[in-house]
Number of protein chains: 2
Amino acid sequence: MKSTGVTIADVAREAGVSPMTVSRSLREPERVSAKSREQIAAVIERLGYVPDPAARALAAGRTNVIGVIIPSVTNNVFADVMRGIYGVIEGSQWQVQLGNSRYVAETEEALTRTFLSQRPAGLIVSGIDQTKKTRELLKNAPCRVVQIMEIGASPIDMMVGFSHSDGARAATRHLIDRGYKRPGFLAARIDPRTQRRMEGFEDVTRAAGIFDPNRILTTPAPSSAALGRDLMARLLEHAPDTDAVLCNNDDLALGAVFECLHRGIDVPNNMGICGFNDLEMMAAAYPAITSVKTYREEMGRMAATMLLQTLQGDEPEKPVVDLGYSVMARESTARKPKS
Amino acid sequence: MKSTGVTIADVAREAGVSPMTVSRSLREPERVSAKSREQIAAVIERLGYVPDPAARALAAGRTNVIGVIIPSVTNNVFADVMRGIYGVIEGSQWQVQLGNSRYVAETEEALTRTFLSQRPAGLIVSGIDQTKKTRELLKNAPCRVVQIMEIGASPIDMMVGFSHSDGARAATRHLIDRGYKRPGFLAARIDPRTQRRMEGFEDVTRAAGIFDPNRILTTPAPSSAALGRDLMARLLEHAPDTDAVLCNNDDLALGAVFECLHRGIDVPNNMGICGFNDLEMMAAAYPAITSVKTYREEMGRMAATMLLQTLQGDEPEKPVVDLGYSVMARESTARKPKS
DNA sequence: TTGACAAATGTTAGCGCTACCATTTTATTG
DNA sequence: CAATAAAATGGTAGCGCTAACATTTGTCAA
């Protein structure tokens, strides 16, 4: 039934030591004499012994599992974050266990419970909009917790992210600086982060006296390039004098660019287009597409690093890290100055 | 230390039954009287009892973990497959545990060992190019195994995929049918599946008497749209009379299209471009890009479904499923017939 | 009523490991 | 060289659950 029936007792017998010494040589080798350590290592190699994580977890009261809860496994943005997390954790003694909340708060709560029942070594959760109950569970968790993607005023424990509303503000100001007078906003699947980006857009356009709710188009459908084309088309019918769009993400921006190409609309001179996240293809597109760069892989790396630090007994320098964003100005908003 | 210190013994005491009855009511409710079942359910709810998976695994000699080994967590293709797998497994009693082999056979072997030491309920592995040792481990695994992404002659156990060389053959024939005379092939990161696509391309062009190794451009770098632009640019310098390209994947195809747009090359009339996988954005692009559609989410769904069937004691109808592919002909290869 | 049998429940033991404390061995010092 | 501390190792118990078997309770026909 077991892949290898070899137990710690077998190793101990063969090496002529007690199981306890074998156990120690695996977890705290510095507390075992060099002689025993080598003997044990040789036997482990020879017998192909692999510790049983279940037995270990039961005896030690904790696992080597780091739980990660994200709202989507397919969204490129989270894929990048995951790459960062995996990059740090792979090769260490810890293991990633992924949970997919599908943007549903109740699912997130259920996942949190499931993870906690496994006595994880640490947890990484997305965003700052947990339900009250989830927050409570995480606050009382017997492990450290890192919130990623966003930063906010009341961290549960640690936090790595950036301000989505500030990112959208900067992008909107960029459009205005480039001379666009009637900017719109396109968004799919309104999650809390989208909401805050929209607020940033509204703030800045309102302050400039050019806010117009008719130029804001949203849909609950999941984001895609096809949807970007569709939203752009609808915006052009609805408010044909719109001269720029801030898209909630890059898929939409790409679709918007394609729709303009299709209609023969001059990007950037008659339509400025800005995305959000700065996926790799934005720079490679033609015209190259302006986007708000976010540091997704770094976010994952940082979150995992902070967690590993705490697992080694250290504290991270700062419990809350703001990774910021950068507006990557490219052709799609490089409007020729008009008189 | 534990999130909830509630054990099965606590529940048993409160419900006035033995721990065994509680255990059974959780795993085989039909073997417990309705009265006990309700009582137990009420107590579980009241105390917030959650079974400890480690204790369960240790006692039962198996876990509820389904291990999935893929070569990349960030590649869209695998993200789609994962979505299919998660879709089937979420909500069931099983859990997904993801392993990332990074396209390295040794890493795959190590991951296989790690997973097997956890006594998984089942395994899903990518491709058919495992090392000999990995194959042996999987053959002797105490659980069922599904190979995905590809089909081949000697399945370890079950298999869901399609023929990459056939897909490439069909795409190449499509280019020839559309009147292209000097097709090239672009590929990044040569994995075994890329290799087989390349072979398919070579077969068909050779048979048509138009094979030219100078039109095949590859690089070990990971795939991206920027790389697609770059490869296209190099191909045009290297073999300027090339009139079509089959790209090993859609990122490259998108980049190739952008490079042509940039250079003012008429796609499809002076350059036909075909991708592979048919990611969502291919249809939304302008010009819409021809691609070989693969059924990635279905592949994940099917693999997970087959595994769950075996876990319930049934056998899947067929142990090897070929999901095929479809050439989605679009504008990027819709060349006007020349005399 | 009673035996025969099935359904429901309980008892025992142990999965493989590690925390905790006890003991032995080795190094250190006056 | 004894006294002491430090390093290395071992024994015991138990983590929370379930497999396997044992026992009790309920059902039904003769």
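Here is how names work: the chains are called A, B, and so on, in the same order as the sequence lines, proteins then strands, and each is numbered from 1. Side chains included, hydrogens not; waters and symmetry mates left out as well; all remaining heavy atoms used.
- Atom CZ of Arg62(B) is separated from atom C1' of dG16(C) by 17 Å (rounded to the nearest Å).
- Mapped onto DNA chain C by nearest heavy atom, Ala55(B) and Arg31(B) fall at different nucleotides, with Arg31(B) at the one closer to the 5' end.
- Applying the 4.0 Å criterion to OP1 and OP2 of dC15(C), one finds that Thr7(A) has every side-chain N and O outside that range.
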List the steps, then state whether salt bridge (Lys or Arg N to Asp or Glu O under 4.0 Å) holds for Glu297(A) with Arg301(A). CA-CA 6 Å; Glu297(A) 190 168 347; Arg301(A) 258 200 306 271; 3.6 Å; yes
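- The side chain of Ser33(A) has dA8(D) as its nearest neighbour among dC17(D), dA8(D), dG16(D).
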In sequence, state the C-alpha distance, the side-chain angles, and the governing distance for Arg102(B) and Glu108(B), and then conclude on salt bridge (Lys or Arg N to Asp or Glu O under 4.0 Å). CA-CA 8 Å; Arg102(B) 297 163 167 272; Glu108(B) 187 181 44; over 6 Å; no
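- Contact annotation: Arg27(A) side-chain N/O to dA19(C) OP1/OP2 distance is under 4.0 Å.
- To the nearest angstrom, P of dC17(C) lies 13 Å from CD1 of Ile40(A).
- For CD of Glu45(B), the number of neighbouring non-hydrogen atoms (other residues, nucleotides, ligands) closer than 6.0 Å is 12 at most.
- Atom-to-atom, CG of Asp52(B) to P of dC17(C) comes out at 16 Å; the value is rounded to the nearest Å.
- A close approach under 4.0 Å does occur between a side-chain nitrogen or oxygen of Arg56(A) and OP1 or OP2 of dT18(C).
- Rounded to an integer number of Å, the gap from NZ of Lys35(B) to P of dA7(C) is 19 Å.
- Screening Ile124(B), Ile128(B), Val125(B) for a side chain to side chain contact (heavy atoms under 4.5 Å, CB included) involving Ile148(B) leaves a single residue, Ile124(B).
- Looking at the side chain of Ala59(B), the nearest of the listed nucleotides dT18(D), dC17(C), dT9(D) is dT18(D).
- Counting only residues at least two apart or in different chains, side chain to side chain donor-acceptor pair (under 3.5 Å) contacts with residues 305-318 of chain A comprise Arg144(A)-Glu315(A).
- Looking at residues 10-25 of chain A, you'll see Val17(A), Ser18(A), Met20(A), Thr21(A), Arg24(A) sit with a heavy atom under 4.0 Å from some atom of DNA chain D.
- Using modelled atom types and a 3.5 Å distance limit, the side chains of Ser36(B) and Ser33(B) yield a donor-acceptor pair.
- The CD atom of Glu28(A) sits 16 Å away from the P atom of dC17(C) (whole-angstrom rounding).
- Across the protein-nucleic acid pair, Leu26(A) atom CG and dT18(C) atom P stand 7 Å apart, rounded to whole Å.
- When each of dG16(C), dT18(C), dC17(D) is scored by its nearest atom to the side-chain atoms of Leu58(B), the top-ranked nucleotide is dG16(C).
- Between the side chains of Thr114(B) and Ser117(B), no donor-acceptor pair is found at a separation under 3.5 Å.
- Spacing between atom CD of Gln93(B) and atom P of dT18(D) amounts to 12 Å, rounded to whole angstrom units.
- Recorded end-axis angle for the helix from dT1(C)-dA30(D) to dG30(C)-dC1(D) stands at 30°, based on five pairs per end and rounded to 10 degrees.
- Side-chain atoms of Thr131(A) and Glu109(A) include a donor-acceptor pair closer than 3.5 Å.
- For CD of Glu30(A), the number of neighbouring non-hydrogen atoms (other residues, nucleotides, ligands) closer than 6.0 Å is greater than 12.
- One atom, CD1 of Ile8(B), and another, C1' of dA19(D), lie 13 Å apart when rounded to the nearest Å.
- Residues Arg56(B) and Asn64(B) are not in side-chain contact: their nearest non-hydrogen atoms beyond the backbone lie 4.5 Å or more apart.
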